[in-house]
Amino acid sequence: MSTTQDAIAAAEAHSAHNYHPLPVVVATAEGAWMTDVEGRRYLDMLAGYSALNFGHGNRRLIDAAKAQLERVTLTSRAFHHDRFAEFCARLAEFCGMESVLPMNTGAEAVETAVKTVRKWGYRVKGVPEGTAKIVVAAGNFHGRTTTIVSFSTDPEARADHGPYTPGFEIVPYGDLTALGAALSDNAVAVLLEPIQGEAGVLVPPPGYLAGVRRLTRERDVLFVADEIQSGLGRTGRTFACEHEGVVPDVYVLGKALGGGIVPVSAVVSSAAVLGVHRPGEHGSTFGGNPLACAVALEVLAMLRTGEYQQRAAELGDHLHRELGLLVDGGAVREVRGRGLWAGVDVDPSRGTGRQVSERLLERGVLVKETHGSTIRLAPPLTISKEDLDWGLERLREVLAG
């Protein structure tokens, strides 16, 4: 396709319109930069919603993928392969857990967690069959499957997909009193994002996650942390739960686990929790495939150095200081987030989130809006300070104009 306009028209002619992308057609990418079909360069300040924590074309990850491509890419789980045991052992150790159930996408991992905690509720806790309840938070985003949108409070995600799956109770995010009241005898799990991404990078009140941990222990309920976006270095720690010294019963991981190369997700927990599964009751043809394991093993090796967590913490402090100046200047109403992750509530007089994103696109910066006048910033953890400052200067220009 020779032009952006031609490429977009061709895509719209034959694809379902379930997304409304910005009008840019990327052809190549390296590090924190993308180049479109007409040769224009853009600074990526979204990083695939944290899937590209290590940047585009990361040489370590590309080399690991290439090496595995020459050997074997898929066996299905009908047979063992020589990368699977190491992947499961390394990931379990990395999370301080015992067992791993690998899948592909984040939504698949959340669905797996839902099935797991229900099984645990019936087989271990002794909840009467068919009555298990999972408590979730308003404003959540855990994926788009039918079961997951059944407990969404976003009308766009939920509308026209019923009948909906029962068994969930929604409470306000950050409200420990409401959470405690919802933990009845048939409650089997609390499923939360430690920081709500799609809702605008909402950080819960101090002590909230620790309070969730305390309540779930007291009531014999599993605490499931959806760290698909917030985990693996994004917030300046390996997991966002670490900011309150909390270890959940179950981690749900995805996005960055595949390095932006292949979809890799996993549910990681104790042997007692994941041990409720028996052969034939749950699975995935591609889950834990050799290529996915090879890439994920390299991701874990990179994260074990602590380098990326430290970069996210240090550059994140700088990011939030600079964004705070925009609040002081009146162009921005509020900034939230941790590490290299921010939700920026632009003053509505300066435009909607979509309009601000389009103006940034014109200046060579790629971000994505969420609700209303909010934009999200989540650059690769490998971004340089100079590039980050260049992107922030373009944001200042857009909001000034």
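For Phe223, the CZ atom sits in a packed shell: over 12 heavy atoms of surrounding residues, nucleotides or ligands are nearer than 6.0 Å. The number of heavy atoms from other shown groups lying within 6.0 Å of CD (Glu218) is above 12. Residue Glu334 qualifies as enclosed at atom CD: its count of foreign heavy atoms under 6.0 Å is above 12. At most 12 non-hydrogen atoms from other residues, nucleotides or ligands lie less than 6.0 angstrom from CD of Glu30. Heavy-atom neighbours of Arg90 CZ from other residues, nucleotides or ligands within 6.0 Å: at or below the threshold of 12. The environment of Asn18 atom CG is dense: over 12 non-hydrogen atoms of other residues, nucleotides or ligands sit within 6.0 angstrom.
Between Arg234 and Glu227, none of the side-chain N atoms (NZ, or NE/NH1/NH2) sits under 4.0 Å from a carboxylate O, so this pair counts as no salt bridge. Taking the charged nitrogens against the carboxylate oxygens, Asp185 and Lys133 have no contact shorter than 4.0 Å, which rules out a salt bridge. Using a cut-off of 4.0 Å between Lys/Arg side-chain N and Asp/Glu carboxylate O, Lys119 and Glu281 are scored as salt-bridged. The residues Glu111 and Lys115 are annotated as not salt-bridged, no charged nitrogen and carboxylate oxygen being separated by less than 4.0 angstrom. Taking a cutoff of 4.0 Å between a charged side-chain nitrogen and a carboxylate oxygen, Arg321 and Asp317 do not qualify as a salt bridge. Between Arg158 and Asp154 there is no salt bridge, since none of the side-chain N atoms of the basic residue sits less than 4.0 Å from a carboxylate O of the acidic one. Contact check on Arg396 versus Glu393 returns a salt bridge, with a Lys/Arg side-chain nitrogen under 4.0 Å from an Asp/Glu carboxylate oxygen.
Looking at every heavy atom in both residues, Leu232 comes nearest to Gly254 through CD1-O, 4.2 Å. The shortest heavy-atom contact between Pro248 and Ala225 is CG-CB, 3.7 Å. Across all their heavy atoms, Val264 and Gly258 have their closest contact at CG2-CA, 3.7 Å. Closest approach of Ala113 and Val252 over heavy atoms only: CB-CG2, 3.9 Å. When all heavy atoms are compared, the tightest approach of Leu22 to Val367 is CD1-O, 3.3 Å. In this structure, Gln229 and Glu198 approach most closely via the heavy-atom pair NE2-N, 4.4 Å.
Here Asp389 contributes atom CG and Leu319 contributes atom CG; the two are 9.5 Å apart, rounded to the nearest 0.5 Å. Distance CG/Leu392 to CG/Leu325: 10.0 Å, rounded to 0.5 Å. Here the straight-line distance linking atom OH of Tyr122 with atom CG of Asn186 works out to 8.5 Å at 0.5 Å rounding. Summarising the geometry, atom CG belonging to Asp347 is positioned 12.0 Å from atom CG belonging to Leu326; distances are rounded to the nearest 0.5 Å.
No hydrogens or angles considered: nothing links the side chains of Glu369 and Thr352 as a donor-acceptor pair under 3.5 Å. Counting only N and O atoms by type, the side chains of Asn104 and Ser284 include a donor and acceptor under 3.5 Å apart. Side-chain contact, Thr216 with Arg213: a donor N or O sits under 3.5 Å from an acceptor N or O.
The closest side-chain heavy-atom distance from Thr3 to Val37 is not below 4.5 Å. In this structure, Arg118 and Val127 have side chains that are not in contact, with every pair of non-hydrogen atoms separated by 4.5 Å or more. A 4.5 Å side-chain heavy-atom check between Ile134 and Val188 finds at least one atom pair inside the cut-off.
The closest donor-acceptor contact from the side chain of Thr153 to the backbone of Gly139 lies under 3.5 Å. Remark: side-chain polar atoms of Arg350 are paired, donor with acceptor, to backbone N or O of Leu399 under 3.5 angstrom. Judged by distance alone, with hydrogens and angles left aside, the side-chain atoms of His320 form a donor-acceptor pair with the main-chain N or O of Gly339 at under 3.5 Å. At distances below 3.5 Å, at least one donor-acceptor pair connects side-chain atoms of Asn140 with backbone N or O atoms of Phe151. Although no hydrogens or angles enter the test, the distance criterion places a donor-acceptor pair under 3.5 Å between the side chain of His243 and the main chain of Thr235. Not a single donor-acceptor pair under 3.5 Å links the side chain of Arg363 to the backbone N or O of Leu395.
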Would you check, one step at a time, whether the test side-chain hydrogen bond (donor to acceptor under 3.5 Å, both in side chains) holds for His277 with Thr116?
CA-CA 7 Å; His277 291 287; Thr116 298; 2.6 Å; yes
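Residues forming a side chain to side chain donor-acceptor pair (under 3.5 Å) with Tyr173 (at least two apart in sequence, or on another chain): none. For Glu12, the side-chain contact (heavy atoms from CB on, under 4.5 Å) partners are Ile8, His17, not counting sequence neighbours.
Taking the six-membered ring where the residue is Trp, Phe239 and Phe94 present perpendicular rings, their angle passing 60° and hence far from 30°.
Relative to the ring axis of Trp390, Arg394 places its NZ or CZ within 45° and under 6.0 Å from the centre.
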